[in-house]
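Right, one structure below, let's go through it.
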Amino acid sequence: MGSTVEALHRADRRGAPGPLVQALLSRSDVAEARTTAADEARTRLISPLANRLAAEGADDPVGRAEVLIACLIGVIALRTSTSFERLSAMRPDEIGAVLEAAAQTHT
């Protein structure tokens, strides 16, 4: 949960999603930028989470990690947009606890 909370704090300090999230969400015609961002997300976020989920006995740890990281990216993007008032008002540790609980569900 610590890295999730820190990612949310970083987005709060910036007032916007960071460059990795922006590149992943970009509709840019520059496929190389999206590919590089996706590779970085796999290396820094998805693989470590998938390894943790595999160690905990999760079914399809890579698929679960991709879904959970996609959720985190969506939370970061939508939280800073203020489209969802309650989400925007939640503390990073509250959001981290919700996402951590989702990661713990293996059924």
Side-chain angles (χ1 to χ4, degrees):
M1 182 170 79
S3 59
T4 299
V5 172
E6 181 52 35
L8 292 164
H9 279 298
R10 278 193 308 272
D12 284 354
R13 286 190 297 270
R14 286 186 187 111
L20 179 62
V21 171
Q22 289 178 29
L24 288 168
L25 297 175
S26 172
R27 294 183 186 207
S28 169
D29 290 334
V30 182
E32 183 178 313
R34 288 191 314 272
T35 300
T36 300
D39 289 344
E40 185 71 14
R42 275 188 212 84
T43 300
R44 290 179 39 203
L45 304 170
I46 295 167
S47 292
L49 179 55
N51 291 339
R52 184 186 114 191
L53 293 171
E56 293 173 358
D59 292 333
D60 190 13
V62 173
R64 293 175 77 77
E66 287 180 355
V67 168
L68 291 166
I69 295 303
C71 289
L72 175 60
I73 289 167
V75 164
I76 289 170
L78 290 171
R79 187 163 188 270
T80 58
S81 77
T82 66
S83 296
F84 295 95
E85 291 177 20
R86 180 66 184 118
L87 176 62
S88 296
M90 289 176 78
R91 294 185 326 267
D93 59 310
E94 292 175 299
I95 296 167
V98 170
L99 293 173
E100 183 67 23
Q104 297 299 319
T105 305
H106 300 299
T107 58

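All values below were derived from every heavy atom in this structure, side-chain atoms included, with hydrogens, water molecules and symmetry-related copies excluded.
Taking each heavy atom of Ala65 and Leu53 in turn, the nearest pair found is N-CD1, 3.9 Å. Between Ala37 and Ala23, the closest heavy-atom pair is CB-CB, 3.5 Å. Taking both residues in full, the closest heavy atoms of Ala41 and Leu24 are given as CB-CD1, 4.0 Å, listed atom of the first, atom of the second, then distance.
In this structure the side chain of Val98 never reaches within 4.5 angstrom of the side chain of Val75, judged on heavy atoms. Proximity of Leu99 to Leu68: side-chain heavy atoms (C-beta onward) are nowhere separated by under 4.5 Å. Side-chain contact between Leu87 and Ile95 is present, with heavy atoms from C-beta onward closer than 4.5 Å.
Without hydrogens or angle criteria, Gln22 side chain to Pro17 main chain gives a donor-acceptor distance under 3.5 Å. Side-chain atoms of Ser88 come within 3.5 Å of backbone atoms of Phe84 as a donor-acceptor pair (strictly under, hydrogens ignored). Without hydrogens or angle criteria, Thr36 side chain to Glu32 main chain gives a donor-acceptor distance under 3.5 Å.
Under a hydrophobic-cluster definition in which Ile, Leu, Val, Met, Phe, Trp and Tyr are linked whenever side-chain heavy atoms come within less than 4.5 Å, directly or via other members, Val62 and Ile69 are assigned to different clusters.
Contacts of Ser81 classified as side-chain hydrogen bond (donor to acceptor under 3.5 Å, both in side chains), with partners at least two apart in sequence or in another chain: Ser83. Applying the salt bridge (charged side-chain N to carboxylate O under 4.0 Å, His left out) criterion to Glu94, with sequence neighbours excluded, gives Arg86, Arg91. Legend: residues meeting salt bridge (charged side-chain N to carboxylate O under 4.0 Å, His left out) with Asp12, ordered by chain and number and at least two apart, are Arg79.
Note that CD1 of Ile76 is 7.5 Å distant from CZ of Arg10, once rounded to the nearest 0.5 Å. The CG atom of Leu8 sits 10.5 Å away from the CZ atom of Arg13 when rounded to the nearest 0.5 Å. The distance from atom OG of Ser47 to atom CZ of Arg52, rounded to the nearest 0.5 Å, is 14.0 Å. For the atom pair CD1 (Ile73) and CG (Leu78), the distance works out to 12.0 Å, reported to the nearest 0.5 Å.
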